[in-house]
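I have placed the structure first, in the form of structure tokens, so that the comments after it can refer back to it.
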Amino acid sequence: MSNILEIKNVSHTYGLGTPFAKEALSQVNLNIEEGDFVGLVGHTGSGKSTLAQCLNGLIIPTEGDVVVEGVSLKESKNLKEIRKRVGMVFQYPEYQLFEETVARDIAFGPKNLGLSKEEVEARVDFAMDLVQLNRDLKDRSPFELSGGQKRRVAIAGILAMKPKVLILDEPTAGLDPHGRDEILGEIKSLYDQGGLTIIMVSHSMEEVARLTKRMIVMNHGKVAMDGTPRELFRQGDKLKDLSLTTPQVTKVMEELKKRGADVSTDAITIDEAYEELVRYLEGGHHA
Ligand SMILES: Nc1ncnc2c1ncn2[C@@H]1O[C@H](COP(=O)(O)OP(=O)(O)OP(=O)(O)O)[C@@H](O)[C@H]1O
Ligand SMILES: [Mg+2]
């Protein structure tokens, strides 16, 4: 697998050279493989959003470089080349909807790429289908839609630019459980259709564990942990030190083990825990 994104020794200080200077990222080195689905977690202020914004040139880091498909952020004279490849969905993206109709809102990005009218229209249909928005909604005002639908319009607007890398900053923030499951299901099915590399920023370890293959934990602007969700959850104590927690089911399995049940503590979903308990009980044990 080749790297689609390379983050090379990236440091970023807000307000550099002022009395308010604040180092948000410190010497971050990461390679992201094409086609991967990466979760970026960490407590508040750990640098997740700053890093996400460096990846599409919204923030030019004060040190280091980001290379997207061989295009360097620092050397590139035209950030458009980067932004075409890396689409960024901000936290609460629905606040950035502003056009009178859903279709016009989704068309905004592709229009700015200088595509023909026909191509822009095709892109709008393509993106609406991808996020499973009924095309009947095209002429509606985005402001009349539900919270989950608004967010899907915002995501469609980014997908209409056909990025290779999609970055989602806290895509479920502020949604009720139903809206949250809706958006997570959407993101999963987008990924399963192939062709996209996704980086999802989240506060929720469980959410990230459910979807992603690789989890990167940020702490004070540095990468503190990096591995599969399972590898990370095995290090419960280290996560606790970073004020992060393992999923409830993992905790339950750890507790059972502590009390003498010979169960594996690998489970990170209810289904996995269930299977492990069945295996254990069928072995003739009593919980
Ligand atoms: N525009 C800014 N000016 C000055 N400091 C900033 C700015 N944006 C963020 N910071 C600071 O940089 C650090 C990293 O912030 P960042 O927003 O990247 O963290 P985060 O992990 O996304 O946090 P959250 O989970 O709250 O979204 C924090 O200490 C934050 O206060
Ligand atoms: Mg943030």
Side-chain angles (χ1 to χ4, degrees), residues 5-30 32 37-66 68 73-74 79 82-83 86-96 147 150-151 154-155 158 163 165-176 179-180 183-184 187 197-212 214-227 229 232 238-247:
L5 260 178
E6 290 174 16
I7 299 159
K8 296 180 163 175
N9 217 24
V10 162
S11 298
H12 187 66
T13 301
Y14 288 104
L16 188 67
T18 74
F20 310 104
K22 165 82 201 163
E23 186 178 58
L25 292 176
S26 168
Q27 297 179 333
V28 175
N29 284 288
L30 289 167
I32 309 289
F37 192 159
V38 178
L40 196 56
V41 296
H43 61 75
T44 275
S46 56
K48 305 180 295 294
S49 295
T50 305
L51 181 60
Q53 289 172 74
C54 287
L55 303 185
N56 86 334
L58 268 164
I59 291 177
I60 307 291
T62 45
E63 265 178 64
D65 199 3
V66 174
V68 186
L73 191 64
K74 282 275 159 90
L79 288 174
I82 302 265
R83 298 208 177 126
V86 184
M88 166 98 194
V89 178
F90 289 96
Q91 199 168 341
Y92 298 106
E94 58 276 19
Y95 292 158
Q96 286 162 37
K150 275 186 205 159
R151 204 160 283 191
I155 295 174
I158 301 298
V165 181
L166 179 67
I167 302 176
L168 300 147
D169 196 351
E170 307 262 3
T172 62
L175 294 178
D176 61 23
R180 191 169 64 211
I183 287 292
L184 288 178
I187 294 168
T197 304
I198 300 186
I199 301 174
M200 183 170 99
V201 176
S202 174
H203 263 94
S204 160
M205 301 283 280
E206 304 208 46
E207 208 172 271
V208 166
R210 246 164 65 195
L211 293 178
T212 68
R214 176 181 178 191
M215 218 155 140
I216 295 167
V217 181
M218 300 292 296
N219 186 46
H220 294 304
K222 288 185 189 299
V223 175
M225 295 171 91
D226 183 355
L232 264 55
K238 189 161 181 196
L239 287 172
K240 222 180 275 166
D241 290 344
L242 300 170
S243 349
L244 298 166
T245 58
T246 43

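In each ligand, atom 1 is the first atom listed, and ligand 1 is the first ligand listed.
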Non-hydrogen atoms of Lys74 and Gly64 that approach each other most closely: NZ-O, 2.9 Å
Spatial distance of atom CG (Leu51) from atom NZ (Lys222) [nearest 0.5 Å]: 13.5 Å
Salt bridge present between Asp169 and Lys48 (N-O < 4.0 angstrom): no
Asp65 side chain vs Leu73 backbone, donor-acceptor pair below 3.5 Å: yes
Flag for Ser49-Gln91: side-chain donor and acceptor within less than 3.5 Å: no
Thr62 side chain vs Thr13 backbone, donor-acceptor pair below 3.5 Å: yes
Exam field: side chain Asn56 to backbone Gly87, donor-acceptor pair closer than 3.5 Å: no
Tyr95 and Tyr92 aromatic ring geometry - parallel, tilted or perpendicular at 30°/60° bounds: parallel
Check: Lys238 side chain, Leu232 main-chain N or O, donor-acceptor pair, under 3.5 Å: no
Protein N, O or S atoms under 2.8 Å from the Mg ion (ligand 2): 1
Identify all pairs of nitrogen or oxygen atoms, one from ligand 1 and one from the protein, separated by less than 3.5 Å, and list them with distances.
unit_1	atom_1	unit_2	atom_2	d
ligand 1	18 (O)	Thr50	N	2.9
ligand 1	18 (O)	Thr50	OG1	2.5
ligand 1	19 (O)	Gly47	N	3.3
ligand 1	21 (O)	Ser46	N	3.2
ligand 1	21 (O)	Ser46	OG	3.4
ligand 1	21 (O)	Gly47	N	3.0
ligand 1	21 (O)	Lys48	N	2.9
ligand 1	21 (O)	Lys48	NZ	2.9
ligand 1	22 (O)	Ser49	N	2.9
ligand 1	22 (O)	Ser49	OG	2.9
ligand 1	23 (O)	Gly45	N	2.8
ligand 1	25 (O)	Lys48	NZ	2.7
ligand 1	25 (O)	His203	NE2	3.4
ligand 1	26 (O)	Thr44	OG1	3.4

